[in-house]
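What follows is one structure encoded as structure tokens, with my remarks underneath.
Start at 1 and go down the list; that is how both ligands and their atoms are numbered. No hydrogens, no waters, no symmetry mates; every other heavy atom, side chains included, goes into these values.
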Amino acid sequence: MKNIEIIGGKRLSGKLRIHGAKNSVLPIIAGAMLNSGKTVIKDCPNLSDVHSAFNILRNLGCKVALAGNVAEIDAEDVTCSSIPDDLMKEMRSSVMFLGAIISRCGNACISCPGGCDLGPRPIDLHIKAFRELGVEIEETEKYIYCKKNSELFGGNICLDFPSVGATENIMLLTAKSDGVTIIDNPAKEPEIVDLQNFLNSMGADISGAGTDKITIRGVRTLRDTIYTVIPDRIAASTYLCAAAGCGGEVTLLNVVPQHIDKVIWVLRNAGCYIFESENAVKIISDGKLKAVSGIETHPHPGFPTDVQAPVMAALSMTQGTTIFIENLFKGRFRHVAELQKMGADITRFNQVAAVRGVERLSGAEVVATDLRGGAALVIAGLMAEGKTIISDILHIDRGYEHIEKDLALLGANIRRV
Ligand code: UD1
């Protein structure tokens with residue numbers, strides 16, 4: 001098992017291109033199987049989660065190839081409608097295949113999904129919506145069996161919570177159908193808009209993504225497409241947090257500034273200078289940050305839960321106290337104990353954490369507890385004095401393409417050992 005080793009204390013400077021969005025490409029990969037033909041995905045990030053999604057497609061009978069950052073999927077033959085347990089456990093987003101498999105095959109069988117351990121991650125909203133749309137579902141302790149007895153005629157779905165996964169799954173289930181489906185209270189994340197744009201590029205008729213209501217007019221057939229995935233706003237935010245905490249001058253290319261406006265707002269309040277252009281963001285930081293008035297995670301357009309841990313690391317060396325409230329995932333403070341090992345002064349009570357800024361962090365041996373928590377430890381390691389060794393970095397590889405190479409390009413003393 002490999003570790004990441006960091007000797008902290010370097011300022012970061014230079015330019016970095018941000019890779020395509022993991023959270024966009026995963027449902028897009030599932031969506032490729034809706035068309036009995038070829039899909040080319042450009043700017044496909046080369047991540048372990050993406051390879052897990054490819055393995056699911058291969059297991060279903062599709063052909064997949066990735067050359068550089070261009071993925072080619074041939075979904076002419078889909079020969080299977082179930083996903084084996086080991087593939088399901090590799091990542092939570094495997095549940096994303098449910099809608100696409102039912103649409104393509106008429107039935108599906110999956111076991112309960114795996115992924116980051118962020119506390120309970122039910123899929124009741126997916127199941128409820130599918131049932132309302134006419135899918136028969138039988139749940140056992142380990143498996144979920146789904147069957148569509150006739151064509152789907154659409155319907156009105158009102159989500160109790162704007163779940164990203166449920167919104168995407170409904171779009172994938174109904175893009176090819178005989179009726180009109182309306183999703184009220186859908187998730188509004190940029191990745192939802194990207195999925196709409198991708199499906200429409202295949203000939204689907206979907207509108208309203210990014211607003212309070214999505215309308216999916218089912219179509220009978222889809223066609224081949226070539227599609228470029230949006231930039232990864234969470235990776236961009238992570239590198240901004242690293243530059244903010246370490247100090248330096250970093251320009252990130254291939255970024256949509258509006259997608260990360262809440263993160264930019266927080267870092268500006270912490271004392272960084274941030275300049276936005278159409279598809280780039282430049283940050284200048286002296287590394288001496290101020291606490292901010294409070295950070296509370298919410299569904300988009302609120303502050304993203306995925307950036308809570310990276311921002312916490314950046315704000316662990318500040319003057320003053322920042323209060324964090326995590327509203328989305330109960331288990332998303334697991335990095336707190338690891339940051340404490342490095343000298344961070346954090347008091348946690350349930351979903352609230354008070355981060356009292358310290359003068360210095362010290363290198364330590366820490367464990368990447370989950371994807372974004374792992375990224376937070378990388379940031380803390382870059383800011384700390386001395387050596388930090390991060391283990392269980394497989395979590396980090398799920399969401400960042402060569403994180404150590406990118407940070408080394410910016411001048412960090414970081415390597416995989
Ligand atoms: C997606 C993202 C993840 C991000 C999250 C919230 C991907 C691959 N992952 O995850 O990085 O942190 O959105 O922005 O895109 N919930 C239920 N029942 C359900 C579904 C969700 O109670 O059926 C709850 C979850 O437990 C959680 C909240 O709703 O508390 C948000 O979940 P959801 O928006 O579905 O997140 P994911 O799609 O899993």
(message) Need the ligand 1 atom indices (1-based, order shown) with element for anything under 4.0 Å from a heavy-atom of Phe161.
(response) 28 (C), 29 (O), 31 (C)
(request) Taking the side chain as every heavy atom from C-beta outward, state whether Val352 and Ile323 have any atom pair closer than 4.5 Å. (result) yes
(request) With the side chain counted from C-beta on, respond yes when Gln308 and Phe324 share a heavy-atom pair under 4.5 Å apart, and no when they do not. (result) yes
(request) Check whether any side-chain heavy atom of Leu98 sits under 4.5 Å from a side-chain heavy atom of Phe130, and report yes or no. (result) yes
(message) Polar contacts were defined as any N/O atom of the residue lying under 3.5 Å from an N/O atom of the ligand; does this apply to Leu328 and ligand 1?
(response) yes
(request) Apply the test side-chain contact (heavy atoms from CB on, under 4.5 Å) to residues Met312 and Leu339: give CA-CA distance (whole Å), side-chain angles for both, the deciding distance (0.1 Å), then the verdict. (result) CA-CA 9 Å; Met312 188 183 289; Leu339 290 174; 4.1 Å; yes
(request) Could you label the plane-to-plane angle of the Phe275 and Tyr273 rings as parallel, tilted or perpendicular, counting under 30° as parallel and over 60° as perpendicular? (result) parallel
(request) Could you list the atoms of ligand 1 found under 4.0 angstrom from a heavy atom of Asp124? (result) 17 (C), 18 (N), 19 (C), 22 (O), 23 (O)
(request) Please work out whether any backbone atom (N, CA, C, O) or any side-chain heavy atom from C-beta onward of Glu326 is under 4.0 Å from ligand 1, and answer side chain, backbone, both or neither. (result) neither
(request) State if Pro122 counts as touching ligand 1 under the rule of any non-hydrogen atom under 4.0 Å. (result) yes
(message) For ligand 1, which is the ligand I care about here, please tell me if Arg332 has any N or O atom under 3.5 Å from one of the ligand's N or O atoms.
(response) yes
(message) For the 3.5 Å polar cut-off, considering only N or O atoms, please tell me whether Gly165 and ligand 1 meet it.
(response) yes
(message) Are any of the N/O atoms on Leu26, whether in the backbone or the side chain, positioned under 3.5 angstrom from an N/O atom of ligand 1?
(response) no
(request) For the residue pair Tyr145 and Ile110, establish whether any side-chain heavy-atom pair is separated by less than 4.5 Å. (result) no
(request) Report, in ascending order of atom number, the atoms of ligand 1 lying under 4.0 Å from any heavy atom of Thr305. (result) 6 (C), 12 (O), 14 (O)
(message) Would you say Ser48 and Asp397 are linked by a side-chain donor-acceptor pair, where the criterion is simply a distance under 3.5 Å?
(response) no
(request) Please work out whether any backbone atom (N, CA, C, O) or any side-chain heavy atom from C-beta onward of His126 is under 4.0 Å from ligand 1, and answer side chain, backbone, both or neither. (result) both
